[in-house]
Amino acid sequence: MTKTIRSVKGTRDFYPCNMIVHNWLYEHIRRVSNSYGFQQWDGPVLETIELYAAKSGDELVKEQAFVFEDRGGSFITLRPELTPSLARMVAKNRNSLNMPLRWWSFGRFWRYERPQKGRAREFFQWNLDLIGSNSIRADAEVASIAAQFFYSIGFVPKDIVIKVNNRQFMEKIISDLGVLDNQFDIVFRLIDRVDKMSSEKWMQYASDVGLKDVQINKLHNELCKVDQWRDSEELSQFFEFTEMMGTRQWFEFDPKVVRGLDYYTGIVFEARDRKLHHRALLGGGRYDNLVSDMGGDAISGTGFAMGDVVIKLLVEEFGLLPDINTSNTDILITIFEEDLISYSYEVASELRKYNFAVEVYPDIVKLKKQLKYADRQNIAIVLVLGPDEIANSMVTVKKLSDGSQTNILLADLPEVLRTMLESE
RNA sequence: GUGCCUGUAGCUCAAUGGCAGAGCGCCGCACUGUGGCUGCGGUGGUUGUGGGUUCAAGUCCCAUCAGGCACCCCA
């Protein structure tokens, strides 16, 4: 065997059976997005490095972006996320866009990381954003759409939880502990890890970044309070609005959720499976300054992104996948012998006029082999056109599910096939 | 970028340092105008690559490449 050329690390091949799953996912995303009146859009997959340098966070840009120099000497990035492109496009056309914008998108993204379970270098992402509204209702709505999506593909609140927090609220809490403004990022990172480390290690880490023992204990104490959202106007409203929108049972306050991207300014949320088997399914929140950072007026936005990798893993584990054995083809027309090829193709074109999906076996091989192909391909009906049939202007129609077959007059074929396929 | 694990047939995996195997798949025949089921037969390999130790290496050692998992970060 000759050596096959390897695919690029971290990329996935989508065979037809994979595309069925992929399209199934995409179809639910499309339907849910549209049902809330969101419009589909997309940006370029190539952007300048400057677009991300401003706000995405150092780690994402310096360590995880695919960057290359083009022939003109410019540094080009394969987009690692969509929100900066969104902000750029909104800033650019601010005056002609009819606010508020409800936009969604589904496309490919790239991050140069070590691939592992639930993470690839090339992945798809669903983005959904509501731009130009300051209301917490906007946050509650986009988060509710995420919940509605999980429901539409077969999950219930006991499978998945969407954890909610508010960055300003957390800033106030850590500020009250005596943490300075310029240390917020460090402390957010610390908060992010409280569940990932043993408590001794966490205490040590907290101490290493410069917190005093008193502060550490108080912080740890704060992170265990699951009811303190009542002290936050925005969080209280958020939960009230999800109640109104019928999605309240999907959401929980979690003071440990702060999100990694630097541009979030208010409500933040992330979805996880309840058993915490996987990394976050989806993450999002409010970004008040992003559009103005791209050179536009201050416009507030809120939205989320969901990767395709983890959700596919979870859907598979829960057995929610659609049947991947179904073929697009309704009817396979066999070829009997050299002289009769034209009959097969004529019948095929005729049937396509009646909107049947028809394929003709391309080679002159034994019927046995053609039948076997149809069986494996899960094609419901096979037509046999041999000398006997043609002499009488008939066709043999074989139903593969039960093996039954009948001779049908060519003229009656469309009607007979229609009823047969409907009963399948 | 750091650590750990794994590379054997198309796929899933066996093989005390001693003849490279099984199941599934694929192809053929029984059934030359009929799939699935069954039976029989056949196809299958530079054991990731390169070196070393040994009478002898899939097995032990070194290097390298690839994959997986965890860290990091995040969808």
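We name chains A, B, ... by the order of the sequence lines, and we start the count at 1 in each one.
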Heavy atoms under 4.0 Å, any strand shown: does [X] hit a base, just sugar-phosphate, or nothing?
{"X": "A:K368", "result": "base"}
{"X": "A:T83", "result": "nothing"}
{"X": "A:D388", "result": "base"}
{"X": "A:V382", "result": "nothing"}
{"X": "A:A120", "result": "base"}
{"X": "A:L400", "result": "base"}
{"X": "A:E389", "result": "base"}
{"X": "A:K398", "result": "base"}
{"X": "A:A280", "result": "sugar-phosphate"}
{"X": "A:K369", "result": "nothing"}

Salt bridge flag under 4.0 Å for residues A:E27 and A:R30 | yes

Flag the pair A:R259 and A:E270 as a salt bridge only when some basic side-chain nitrogen lies within less than 4.0 angstrom of an acidic carboxylate oxygen.
-> yes

Pairing of RNA chain B as dot-bracket, 5' to 3': ( ) intra-strand, [ ] crossing, | other strand, . unpaired, with Watson-Crick or G-U pairs under 3.5 Å?
-> (((((((..((((....[..)))).(((((.......))))).....(((((..]....))))))))))))....

Counting only distance, no hydrogens or angles, is the base of B:A75 paired donor-acceptor with the side chain of A:Q64 under 3.5 Å?
-> no

Would you say the base of B:A75 and the side-chain of A:R279 have a donor-acceptor pair closer than 3.5 Å?
-> no

For A:W110 and A:F123, run ring pair (Phe, Tyr, Trp, His ring centres under 6.0 Å): C-alpha distance rounded to whole Å, both residues' side-chain angles, the deciding distance at 0.1 Å, then the answer.
-> CA-CA 6 Å; A:W110 295 265; A:F123 55 97; 8.1 Å; no

Check the pair A:L281 / A:L314 against side chain to side chain contact (heavy atoms under 4.5 Å, CB included), numbers first and verdict last.
-> CA-CA 9 Å; A:L281 288 159; A:L314 200 65; 3.9 Å; yes

Rounded to whole angstroms, how far apart are [atom1] on [X] and [atom2] on [N]?
{"X": "A:Q377", "N": "B:U34", "atom1": "CD", "atom2": "P", "value": "22 Å"}
{"X": "A:K372", "N": "B:C29", "atom1": "NZ", "atom2": "P", "value": "10 Å"}
{"X": "A:F109", "N": "B:A75", "atom1": "CZ", "atom2": "P", "value": "12 Å"}
{"X": "A:D402", "N": "B:G35", "atom1": "CG", "atom2": "C1'", "value": "13 Å"}
{"X": "A:I333", "N": "B:G33", "atom1": "CD1", "atom2": "P", "value": "20 Å"}
{"X": "A:L385", "N": "B:U34", "atom1": "CG", "atom2": "C1'", "value": "14 Å"}
{"X": "A:D375", "N": "B:C37", "atom1": "CG", "atom2": "C1'", "value": "11 Å"}
{"X": "A:I335", "N": "B:U34", "atom1": "CD1", "atom2": "C1'", "value": "16 Å"}

Stepwise side chain to side chain contact (heavy atoms under 4.5 Å, CB included) check, A:W103 with A:L82 = CA-CA 12 Å; A:W103 286 9; A:L82 190 62; over 6 Å; no

Taking the [atom1] atom of each, how far is [N] from [M], in whole Å?
{"N": "B:A20", "M": "B:G25", "atom1": "P", "value": "28 Å"}
{"N": "B:C13", "M": "B:G45", "atom1": "C1'", "value": "15 Å"}
{"N": "B:G67", "M": "B:C11", "atom1": "P", "value": "15 Å"}
{"N": "B:G50", "M": "B:A57", "atom1": "P", "value": "15 Å"}
{"N": "B:U59", "M": "B:G7", "atom1": "C1'", "value": "13 Å"}
{"N": "B:U16", "M": "B:G58", "atom1": "P", "value": "13 Å"}
{"N": "B:A14", "M": "B:A9", "atom1": "P", "value": "12 Å"}
{"N": "B:U49", "M": "B:G36", "atom1": "C1'", "value": "43 Å"}

Of all the nucleotides listed ([options]), which has the minimum atom distance to the side chain of [X]?
{"X": "A:T396", "options": "B:U2, B:A75, B:U34", "result": "B:U34"}
{"X": "A:Q405", "options": "B:G67, B:U34, B:C26", "result": "B:U34"}
{"X": "A:R259", "options": "B:A75, B:C71, B:G35", "result": "B:A75"}
{"X": "A:K366", "options": "B:A75, B:G35, B:G28", "result": "B:G28"}
{"X": "A:Q125", "options": "B:G35, B:G33, B:A75", "result": "B:A75"}

No-hydrogen, no-angle side-chain donor-acceptor test under 3.5 Å, A:T396 and A:Q405 = no

Do you see a donor-acceptor pair shorter than 3.5 Å between the side chains of A:S300 and A:D288?
-> yes

Where do A:S175 and A:M170 land on the side chain to side chain contact (heavy atoms under 4.5 Å, CB included) test, with the steps shown first?
-> CA-CA 8 Å; A:S175 174; A:M170 290 311 288; over 6 Å; no

Can you pull the ring-ring contact (aromatic ring centres under 6.0 Å, His included) pairs that have at least one residue in residues 366-412 of chain A, sequence neighbours excluded?
-> A:Y361-A:Y373

Side chain to side chain contact (heavy atoms under 4.5 Å, CB included) between A:I311 and A:L313, intermediate numbers included = CA-CA 5 Å; A:I311 189 74; A:L313 272 175; over 6 Å; no

With a centroid cutoff of 5.5 Å and a plane-angle limit of 30°, would you call A:Y373 stacked on B:G35?
-> no

Name the residue closer to the 5' end of RNA chain B, choosing between A:L281 and A:K9 according to the nucleotide with the nearest heavy atom.
-> A:K9

Whichever of A:F336 and A:D308 has its nearest RNA chain B nucleotide further upstream toward 5' = A:F336

Find out whether the Lys NZ or Arg CZ of A:R167 is both under 6.0 angstrom from the six-membered ring centre of A:Y264 and within 45° of the ring's axis.
-> no

Distance check: side-chain N/O of A:R119 vs OP1/OP2 of B:C69, anything under 4.0 Å?
-> no

Presence of A:Q116 side-chain N/O under 4.0 Å of B:A70 phosphate oxygens OP1/OP2 | yes

